[in-house]
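Basis for what follows: all heavy atoms, side chains included, without hydrogens, waters or symmetry-related copies. What you see is a predicted model, and the numbers here were worked out from it, not measured in a lab.
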Amino acid sequence: MSKRCMGCMEYYGDEFDICPHCGYIEGTPPEEAIHMEPGTLLHDRYIIGRVLGFGGFGVTYIGWDGKLEQKVAVKEYLPGEFSTRMPGQSTITVFNGEKGEQFRDGLEKFVDEAKRLARFQNEPGVVKIFDSFYENETAYIIMEYLDGETLTERLAREKTIPEDEALDMLLPVMHSLEAIHAGGVLHRDIAPDNIFLTKDGEVKLIDFGASRYATTSHSRSLTVIIKPGFSPEEQYRSRGDQGAYTDVYALAATLYKMITGKTPPDAMERRASIESKRRDLLIPPHALAKITRNRENAILNAMNVQIEDRTPDVRSFIEELNTDPPVKRRYGKIKRIDLYTWPKWLKILIPSVLTALIIVGVLLATGVINIGSLFSGEVVVPEGYVIVPDVEGMAKDEAIQAIEEMKLQVSAEGNVVSEYIQAGKIVLQSPNGGSYLEEYGTVVLTVSSGKDVEEAKNGKATVPYVLKRKPTTT
């Protein structure tokens with residue numbers, strides 16, 4: 001005689017208590033009392049086994065489809081905030097009042113999402129959905145069982161993945177996601193733990209729709225489905241303007257993690273830093289790993305914080321990742337005060353005073369200097385900071401190179417008419433040259449569009465009046 005293991009759904013001899021295939025001990029209770037007991041029968045068809053994983057809104061079990069005679073994964077809608085289950089029972093108890101309303105709202109979207117995704121059975125980069133139904137006062141989704149590991153598990157072991165291999169891994173997912181988006185469905189939970197690598201070499205996007213059914217008009221549990229570093233800032237708002245670009249951000253963040261081995265900084269923290277300090281916390285990939293400039297720009301464009309600056313859809317993201325012409329970096333637009341409306345003395349005085357105060361404050365706070373050292377004549381750069389190069393008057397390309405060599409980023413905010421600075425040269429920079437700035441901080445440049453500046457003729461050029469000096473001829 002033989003029996004089926006509730007840990008792996010394989011058969012083994014009745015004389016054994018431990019499965020020789022997976023090591024599961026017969027009779028092992030579920031890890032959480034709220035989960036169904038192994039051996040439970042659903043829909044007169046599916047046998048429930050051990051728990052594969054669980055989160056704030058559901059639990060996934062290994063299962064056996066008695067009709068088709070195959071392993072499956074069974075996902076149960078079970079939000080612990082709105083419902084519970086007595087140990088040993090299958091039917092769940094839904095809380096009363098507003099929590100009950102939240103439960104039912106999410107339940108409807110859970111099943112609706114499964115029905116829509118069932119239309120995409122032929123997409124190779126997405127986990128297949130076979131069935132969905134209501135039972136036990138909740139709902140279930142029957143999906144294909146995947147044997148392998150998550151991308152999170154691989155990265156924990158290997159740390160990084162070379163850019164070509166990383167892109168090849170994600171392309172099937174991206175192409176499938178294009179079709180899913182065209183069908184009106186968003187994932188909203190793309191991250192390494194929701195990308196599955198099978199033993200057969202396939203790459204699958206799993207847990208589709210998790211945020212869609214959870215982010216309802218009633219839900220206050222948005223933080224449960226947020227993946228810091230992978231979720232864009234609009235996903236932090238229950239009524240945020242979300243679209244294909246929301247998944248694009250998460251895809252790019254996942255690719256960033258694969259290539260660099262680093263989780264990107266939280267999107268809300270990035271936005272706060274950009275708005276308050278005019279500096280993006282996201283370190284460019286080339287500073288952490290080997291990557292081509294085109295692909296780096298494609299990733300950074302797809303990870304722009306503001307929606308209007310971000311790559312709009314998956315197709316555009318794929319094209320930028322694989323294009324031959326240079327990909328133009330789209331920097332985020334940051335509102336700034338118009339310096340040209342200020343009195344000249346104020347333009348000079350305020351930046352100088354603020355820069356001096358900030359530098360002294362940072363150096364004193366970090367212990368790099370003390371009061372006595374202010375008069376010693378010795379200059380010490382704090383760890384993690386660099387001195388901003390003075391690039392005013394330089395050609396734009398030359399200025400960008402000088403700034404990037406100091407491990408800083410560049411943001412060009414357009415042109416301004418100048419009677420004294422030739423077109424293509426830097427009129428203004430912020431912060432000023434000589435200032436201290438954290439590594440990978442952003443230097444904002446304003447470029448001259450020129451105006452009646454005479455080029456050299458026969459070795460001579462006219463220099464206009466500057467600082468009330470007399471004109472000279474060279």
Between the main-chain N or O of [Y] and the side-chain N or O of [X], is there a donor-acceptor pair closer than 3.5 Å?
X: S316; Y: P312; result: no
X: K204; Y: T198; result: no
X: Q409; Y: G441; result: no
X: Q121; Y: A118; result: yes
X: H187; Y: I206; result: yes
X: S273; Y: E269; result: no
X: S132; Y: I141; result: no
X: K159; Y: A156; result: yes
X: T323; Y: E320; result: no
X: E439; Y: L408; result: no

Evaluate whether atom [atom1] of [X] has more than 12 neighbouring non-hydrogen atoms of other residues, nucleotides or ligands under 6.0 angstrom away.
X: K262; atom1: NZ; answer: no
X: E319; atom1: CD; answer: yes
X: D147; atom1: CG; answer: yes

Between [X] and [Y]: side-chain donor-acceptor atoms closer than 3.5 Å:
X: N304; Y: R330; value: no
X: T60; Y: K75; value: no
X: D266; Y: Y236; value: yes

Would you mind listing every salt bridge (Lys or Arg N to Asp or Glu O under 4.0 Å) that reaches into residues 280-289, with sequence neighbours excluded?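 Only R270-D280 qualify under salt bridge (Lys or Arg N to Asp or Glu O under 4.0 Å).
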Could you tell me which non-hydrogen atom of [X] sits nearest to which non-hydrogen atom of [Y], and how far apart they are?
X: I129; Y: A114; value: CG2-O, 4.1 Å
X: A139; Y: V111; value: CB-CG2, 3.3 Å
X: G125; Y: V173; value: O-CG2, 3.8 Å
X: T254; Y: P192; value: OG1-CD, 4.0 Å
X: V305; Y: I274; value: CG2-CD1, 4.0 Å
X: Y249; Y: A267; value: OH-CB, 3.6 Å

When you check the gap from the basic side-chain N to the acidic O, do [X] and [Y] get nearer than 4.0 Å?
X: E153; Y: R157; result: no
X: K290; Y: E163; result: no
X: K425; Y: D397; result: no
X: R154; Y: E149; result: no
X: E234; Y: R310; result: yes

Apply side chain to side chain donor-acceptor pair (under 3.5 Å) to H181 and list each qualifying residue two or more places apart in sequence or on a separate chain.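 Checked H181 against side chain to side chain donor-acceptor pair (under 3.5 Å); matches are D247.
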Set of side chain to side chain donor-acceptor pair (under 3.5 Å) partners for K396, sequence neighbours left out: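 K396 satisfies side chain to side chain donor-acceptor pair (under 3.5 Å) with no residue once adjacent residues are dropped.
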Under the side chain to side chain contact (heavy atoms under 4.5 Å, CB included) rule, what do L117 and V185 come out as? Steps first, then yes or no, please. CA-CA 8 Å; L117 284 171; V185 179; 4.0 Å; yes
Quick one: are [X] and [Y] in side-chain contact, heavy atoms under 4.5 Å?
X: N194; Y: I190; result: no
X: M303; Y: Y256; result: yes
X: M258; Y: M169; result: yes
X: L155; Y: K257; result: yes
X: T150; Y: L197; result: no
X: I62; Y: Y145; result: yes
X: T160; Y: L288; result: no
X: I299; Y: I291; result: yes

I'd like to know whether the aromatic ring centres of F110 and F57 sit less than 6.0 Å apart in this structure.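 Centroid distance F110-F57: not below 6.0 Å, so no.
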Option from T446, D390, V444 for which side-chain contact (heavy atoms from CB on, under 4.5 Å) with Q429 holds: D390
Determine whether V314 and V248 satisfy the following criterion, side chain to side chain contact (heavy atoms under 4.5 Å, CB included), listing intermediate values before the conclusion. CA-CA 6 Å; V314 179; V248 166; 4.1 Å; yes
Roughly how far apart are [X] [atom1] and [Y] [atom2], rounded to 0.5 Å?
X: L255; Y: E296; atom1: CG; atom2: CD; answer: 11.5 Å
X: F82; Y: E101; atom1: CZ; atom2: CD; answer: 10.5 Å
X: T311; Y: N301; atom1: OG1; atom2: CG; answer: 5.0 Å
X: R329; Y: N297; atom1: CZ; atom2: CG; answer: 6.5 Å
X: M174; Y: I180; atom1: CE; atom2: CD1; answer: 15.0 Å
X: R188; Y: D207; atom1: CZ; atom2: CG; answer: 15.0 Å

Going through the checks in order, is the side chain to side chain donor-acceptor pair (under 3.5 Å) test met by Y61 and E76? CA-CA 8 Å; Y61 311 85; E76 178 182 45; 2.8 Å; yes
Go through the steps to decide whether Q102 and D105 satisfy the test side chain to side chain donor-acceptor pair (under 3.5 Å), and finish with yes or no. CA-CA 5 Å; Q102 291 174 313; D105 199 0; over 6 Å; no
Assess whether side chain to side chain contact (heavy atoms under 4.5 Å, CB included) is satisfied between T246 and D241, documenting all intermediate values. CA-CA 9 Å; T246 302; D241 183 14; over 6 Å; no
Under the side chain to side chain contact (heavy atoms under 4.5 Å, CB included) criterion, do T442 and Y331 qualify, and how do the steps go? CA-CA 10 Å; T442 300; Y331 290 97; 5.9 Å; no
Cation-pi, F317 ring and R315 (6.0 angstrom, 45 degrees): no
After noting the C-alpha distance and the side-chain angles of E108 and R104, does the key distance pass the salt bridge (charged side-chain N to carboxylate O under 4.0 Å, His left out) rule? CA-CA 6 Å; E108 181 180 348; R104 286 183 288 274; over 6 Å; no
